[in-house]
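These numbers come from a predicted model, not from an experiment. Quick note: numbers below take in every heavy atom, side chains included, and nothing from hydrogens, waters or symmetry partners. Chain A is the first sequence line, chain B the second, and so forth, proteins listed ahead of strands; every chain is numbered from 1.
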Amino acid sequence: MCGRFVLTATTEAIQQTFDLDSVPTSMLPRYNIAPTQPVGVITNDHPRQLTFQRWGLIPSWAKDPAIGNTLINARSETVEEKPAFRSAFKRRRCLIPADGFYEWKKDGKEKKPVFVHLKDNELFAFAGLWEVWHSPDGSEVQTCTILTTDPNPLMSQLHHRMAVILPKEDYSVWLDKDAPPDVLKALLQPYDENRMAFYEVSKVVNSPYNDSAECIVPLTAPPTQTPML
DNA sequence: CCAGACGTTGTT
DNA sequence: GTCTGG
DNA sequence: CCAGACGTTGTT
DNA sequence: GTCTGG
């Protein structure tokens, strides 16, 4: 699952990693990207540009755009069939750059936020789909969603689903409009657990209004009893 | 034929 | 409890 | 994903 | 837009 993520890489790093022609001149580091907010995407339409779309896919036929608030993820096993996603799966795929994401690990009644990242804090990309919705006022809204799959053993400690992270060698196929559906589906696998790690963070991240470096600071271990001597 | 749904997560 | 908004 | 609202009247 | 249910 993925309901919050992080993108702090410099524009230069994003440009290099995704082989882009240009990137926005000034991008602030984001430590707490939440659903409904604009997220940077690289679409099949403009594979050499970083553009921004609202997170939470609104199907083109939706009457109420609020449905987008819930469609922040799409099960990769069923994207080919589900009415909300199938046309996007055929024609509108994207990469969503990130350097990490959050999960909330259940511990009894408590939910402890955890920051998940790649080893060496490498920049990576979620597999995404995007869509265009025509609002009654005539404006166009571009939205996107992040695909999910089964968790690898590491991530299964946190959740029974995980976001699809694409290895670099798959970027071009995912954005190729002529790639056959079977080839595309085959890319939607759990990422290698040996290249991932996570640690607990403070509950500062819980509120989407908190978007600071504090969100990814490792939680300090509870003070241990000093031995009495 | 038209009307109405179309999704994810998690929880029970 | 359930929905909306970020 | 979590946080926060969730209603009416009237008044400023 | 397209499928399902009546």
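- Side-chain proximity of Arg161(A) to the nucleotides dT9(B), dT4(C), dT8(B) is greatest for dT9(B).
- Note: CG (Asn32(A)) to C1' (dG5(C)) measures 14 Å, nearest angstrom.
- Among the heavy atoms of the strands lying under 4.0 Å from Asn73(A) are primed sugar atoms or P, OP1, OP2 only; no base atom is included.
- The side chain of Pro208(A) approaches dC2(D) more closely than any other nucleotide in the set dT8(B), dC2(D), dC6(B).
- Pairing partner, dA5(D): dT2(C), with both Watson-Crick or wobble hydrogen-bond distances short of 3.5 Å.
- Within 4.0 Å (heavy atoms only), Pro59(A) reaches no atom of the nucleic acid at all.
- Distance, Glu103(A) CD to dT8(B) C1': 14 Å, rounded to whole Å.
- Using a 4.0 Å heavy-atom distance criterion, Thr145(A) is classed as making no nucleic acid contact.
- For the OP1/OP2 pair of dT4(C) and a distance below 4.0 Å, the side-chain nitrogens and oxygens of Thr36(A) include no atom meeting the criterion.
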Inset, instruction - Give the intermediate values and the outcome of side chain to side chain contact (heavy atoms under 4.5 Å, CB included) for residues Val173(A) and Leu187(A). - result: CA-CA 9 Å; Val173(A) 178; Leu187(A) 304 182; 4.0 Å; yes
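- For the OP1/OP2 pair of dT9(B) and a distance below 4.0 Å, the side-chain nitrogens and oxygens of Arg75(A) include at least one atom meeting the criterion.
- Taking the P atom of each, dG4(D) and dT9(B) are spaced 25 Å apart, rounded to whole Å.
- Atom-to-atom, NZ of Lys203(A) to P of dA3(D) comes out at 9 Å; the value is rounded to the nearest Å.
- Residue contacts shown for Ile72(A) include a base, since a base heavy atom lies under 4.0 Å away.
- Per the geometry, CZ belonging to Phe85(A) stands 17 Å off P belonging to dC3(E), to the nearest Å.
- Neither side chain, Thr8(A) nor Arg30(A), offers a donor N or O lying under 3.5 Å from an acceptor on the other.
- Remark: P of dT9(B) and CE of Met162(A) are 13 Å apart, rounded to the nearest angstrom.
- Using a cutoff of 4.0 Å between basic side-chain nitrogens and carboxylate oxygens, Lys168(A) and Glu122(A) are scored as salt-bridged.
- If you check every strand for non-hydrogen atoms under 4.0 Å, Tyr209(A) touches sugar and phosphate atoms only.
- Atom P of dT8(B) sits at a distance of 30 Å from the matching atom of dA5(D), rounded to the whole Å.
- Nucleic acid contact for Trp61(A): base, since at least one base atom lies under 4.0 Å from a heavy atom of the residue.
- With respect to the salt-bridge test (charged N to carboxylate O, under 4.0 angstrom), the residues Lys203(A) and Glu110(A) qualify.
- With distances taken from any side-chain atom of Lys82(A) to the nucleotides dC2(D), dT9(B), dT8(B), the minimum falls on dT8(B).
- For dG7(B) and dA3(D), the P atoms lie 28 Å apart once the distance is rounded to whole Å.
- Between Glu81(A) and Arg86(A) there is no salt bridge, since none of the side-chain N atoms of the basic residue sits less than 4.0 Å from a carboxylate O of the acidic one.
- Relative to the side chain of Arg86(A), the nucleotides dG1(E), dG6(C), dC2(D) differ in distance, and dG1(E) lies closest.
- Among the atoms of the strands shown, base atoms are found under 4.0 Å from some heavy atom of Ala34(A).
- Within the nucleic acid shown, Phe5(A) has no heavy atom closer than 4.0 Å to any nucleic acid atom.
- A salt bridge links Glu77(A) to Arg161(A): one of the charged nitrogens lies within less than 4.0 Å of a carboxylate oxygen.
- For the residue pair Asp45(A) / Trp130(A), no side-chain donor-acceptor distance below 3.5 Å is found, with atom types taken as modelled.
- Rounded to a whole Å, the NZ atom of Lys111(A) is 6 Å from the P atom of dC1(D).
- Using a 4.0 Å cut-off, some side-chain N or O of Asn206(A) falls inside it from OP1 or OP2 of dA3(D).
- One atom, CH2 of Trp55(A), and another, P of dT8(B), lie 15 Å apart when rounded to the nearest Å.
- Considering only side-chain atoms of Lys106(A), the nucleotide from dT11(B), dC6(B), dG6(C) that sits closest is dT11(B).
- For Ser60(A) against dG1(E), a side-chain-to-base donor-acceptor contact under 3.5 Å is absent.
- Note: CZ (Arg4(A)) to P (dT8(B)) measures 21 Å, nearest angstrom.
- Between Thr78(A) and the phosphate of dG7(B), there is no side-chain N or O to OP1/OP2 separation shorter than 4.0 Å.
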